[in-house]
Amino acid sequence: MRKYIITVLFVLLLAGAAGVFFSPADTASIEAENREPAAMPELNSDTVVSGEFASGFDSYVNDNIGLRGRLMELSDTIRSCFGFTPQLVGKVISTTSDIGTGETLDSSLMLIDSKIMEMFSDKPEVESSYAEALNNIADTLPEGVDMYSMLVPTQLEFEEPLYSNAQDSQKECIDSINEQLSGRIKPVDVYSKLGEESGYLYFKTDHHWTMDGAYCGYEAFMESAGGEAVSKDDFERREKDDFYGTLYLKARAQLDDPEMDTLAYYDVEENGDFDIVMRAEYEDGSSLEYGENSGVFNYEKDDYLFFFGGDQPLIEITNNDLPDGKTVIVIKDSYANALVPWLINSYGRVVMIDPRSFEGSLSEEIERYDADEVAVVNYVFTTTFTDYCGLLNGLID
């Protein structure tokens, strides 16, 4: 009888797993993470030996199963039950993090009052790979094209030392990478700007900075580039409905009465004349243009997707009020989405390229737009993902 029960349970487990695997993919959970689902990796001897196929196939399965969102919620709930509250330090819970590259890392979140913050764990070997990737890009730039690197720290770095010291130093990571950059690249010191300011610079339940925080990055960038930043006072500050961010989805089991975030923005479109075109490039050489009716802000979104509707392979924004202005190509993660609405006020054209989904050639885009500058803008956690370093190199392969 006991063997029969075990057999039945085993069969039911297999049937349940098969049902989840063959159910339609839960694409809504991927969209909520502001990224594209992982694709089936190429199967050949090189990818098998290197382990690339196994890793890629695992990501493909994880992204293409049914009930993915509910299974992740259950997993995070179980993980959060093992959270601990060190003496004098906010509650820390275990979770996982990814930046849309297919690679997933174990990570931790710190909960202080109403804020949920990622805890940084440095990876020196990956930091060196990140710096090397930027140097490789710099080596391919035409003479006369300036290059900048901006690494943005996160909220926990600016909390009281009691809390910020519970993680690895983001400043040491940023300084280490800047020291490894070639003389062709100018580091942008956004760290100091953020440390000097106060206010609503980061969301409480999301890992991104706000448009006020991004203004600090804009000021730091214009100082490095030798330009003049526009004043925030030139634009009307507005607010949209409350929302819960991506970190809330991971930590909500540990939150009794979480506060909602407020999406505050400065209406740069009100007096500006911008044209926006989005484009995807494919490996076969074809391309697709879309989003001609898009704006800097997507008013149908109430969260960070409000900025440009989220990440796209390539977004070209033209400022018709500055026809003789410079062109800058921004190689970016999602942190740049709140920065570019400021940046476009000082440039004739800003072109955003997201290496996680862009399959074209950086050299071709520099030639296409006759670019004056290239800026790599990422938040500091990208320097811990090996996959992202590979994608940066892929822009010049």
Side-chain angles (χ1 to χ4, degrees), residues 126-153 173-193 214 216-229 281 313-317 319 322 325-340 342-356 358-383 385 388-397:
V126 185
E127 293 168 14
S128 296
S129 297
Y130 182 90
E132 181 181 3
L134 267 60
N135 290 336
N136 291 338
I137 292 174
D139 289 341
T140 69
L141 297 182
E143 185 177 353
V145 176
D146 295 323
M147 182 170 173
Y148 303 89
S149 170
M150 179 192 294
L151 277 171
V152 186
C173 167
I174 294 171
D175 289 344
S176 173
I177 289 175
N178 288 342
E179 290 171 1
Q180 297 177 63
L181 297 179
S182 74
R184 184 74 190 273
I185 306 172
K186 302 176 184 178
V188 177
D189 184 15
V190 63
Y191 191 102
S192 297
K193 281 288 184 184
C216 295
Y218 167 60
E219 285 187 306
F221 185 86
M222 295 312 297
E223 287 182 8
S224 295
E228 184 176 352
E281 297 287 333
L314 183 147
I315 304 178
E316 171 194 336
I317 312 104
N319 184 347
L322 293 176
K326 290 183 177 181
T327 294
V328 59
I329 292 179
V330 180
I331 302 169
K332 41 76 72 180
D333 67 5
S334 54
Y335 255 63
N337 295 3
L339 170 70
V340 169
W342 291 120
L343 206 59
I344 190 57
N345 290 280
S346 299
Y347 282 81
R349 180 183 290 114
V350 178
V351 179
M352 292 194 287
I353 291 179
D354 194 323
R356 295 169 295 182
F358 181 75
E359 298 180 355
S361 163
L362 175 61
S363 296
E364 291 180 3
E365 300 305 329
I366 291 174
E367 183 178 358
R368 181 198 304 269
Y369 294 107
D370 191 21
D372 301 286
E373 300 171 353
V374 170
V376 183
V377 179
N378 293 303
Y379 95 125
V380 69
F381 277 73
T382 60
T383 68
F385 285 84
Y388 193 80
C389 300
L391 292 173
L392 288 173
N393 281 312
L395 293 174
I396 59 176
D397 287 344

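Keep in mind that this is a model prediction, so the values were computed, not measured.
- Inspection of the N345 and Y218 side chains reveals no N or O donor paired with an N or O acceptor under 3.5 Å.
- Applying the salt bridge (Lys or Arg N to Asp or Glu O under 4.0 Å) criterion to D189, with sequence neighbours excluded, gives no partner residue.
- Residues forming a salt bridge (Lys or Arg N to Asp or Glu O under 4.0 Å) with R184 (at least two apart in sequence, or on another chain): none.
- Residues that satisfy the side-chain contact (heavy atoms from CB on, under 4.5 Å) test with K193, not counting sequence neighbours, are E196, C216, E219, A220, E223.
- Residues I353 and E365 have side chains in contact (heavy-atom distance under 4.5 Å, counting atoms from C-beta outward).
- Annotation: salt bridge (Lys or Arg N to Asp or Glu O under 4.0 Å) contacts of D333 (sequence neighbours excluded): none.
- Applying the ring-ring contact (aromatic ring centres under 6.0 Å, His included) criterion to Y335, with sequence neighbours excluded, gives H208, W209, Y379.
- By the ring-ring contact (aromatic ring centres under 6.0 Å, His included) test, Y191 pairs with F158, sequence neighbours left out.
- By the side-chain contact (heavy atoms from CB on, under 4.5 Å) test, C389 is found to be paired with V126, S129, Y130, residues two or more places apart in sequence or in another chain being considered.
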Side-chain donor-acceptor distances from residues 139-146 under 3.5 Å, at least two apart:
{"residue": "T140", "atom": "OG1", "partner": "I137", "partner atom": "O", "Å": "2.8"}

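- For D370, there are no side-chain hydrogen bond (donor to acceptor under 3.5 Å, both in side chains) partners, not counting sequence neighbours.
- Residues satisfying the side-chain hydrogen bond (donor to acceptor under 3.5 Å, both in side chains) criterion with S128, sequence neighbours excluded, are Q180.
- Every residue meeting the side-chain contact (heavy atoms from CB on, under 4.5 Å) condition with S149, not counting sequence neighbours, appears here in chain and number order: L134, L181, I185.
- In this view, A371 and T327, I329, I366 satisfy the side-chain contact (heavy atoms from CB on, under 4.5 Å) rule, not counting sequence neighbours.
- Taking each heavy atom of N135 and S182 in turn, the nearest pair found is OD1-N, 2.8 Å.
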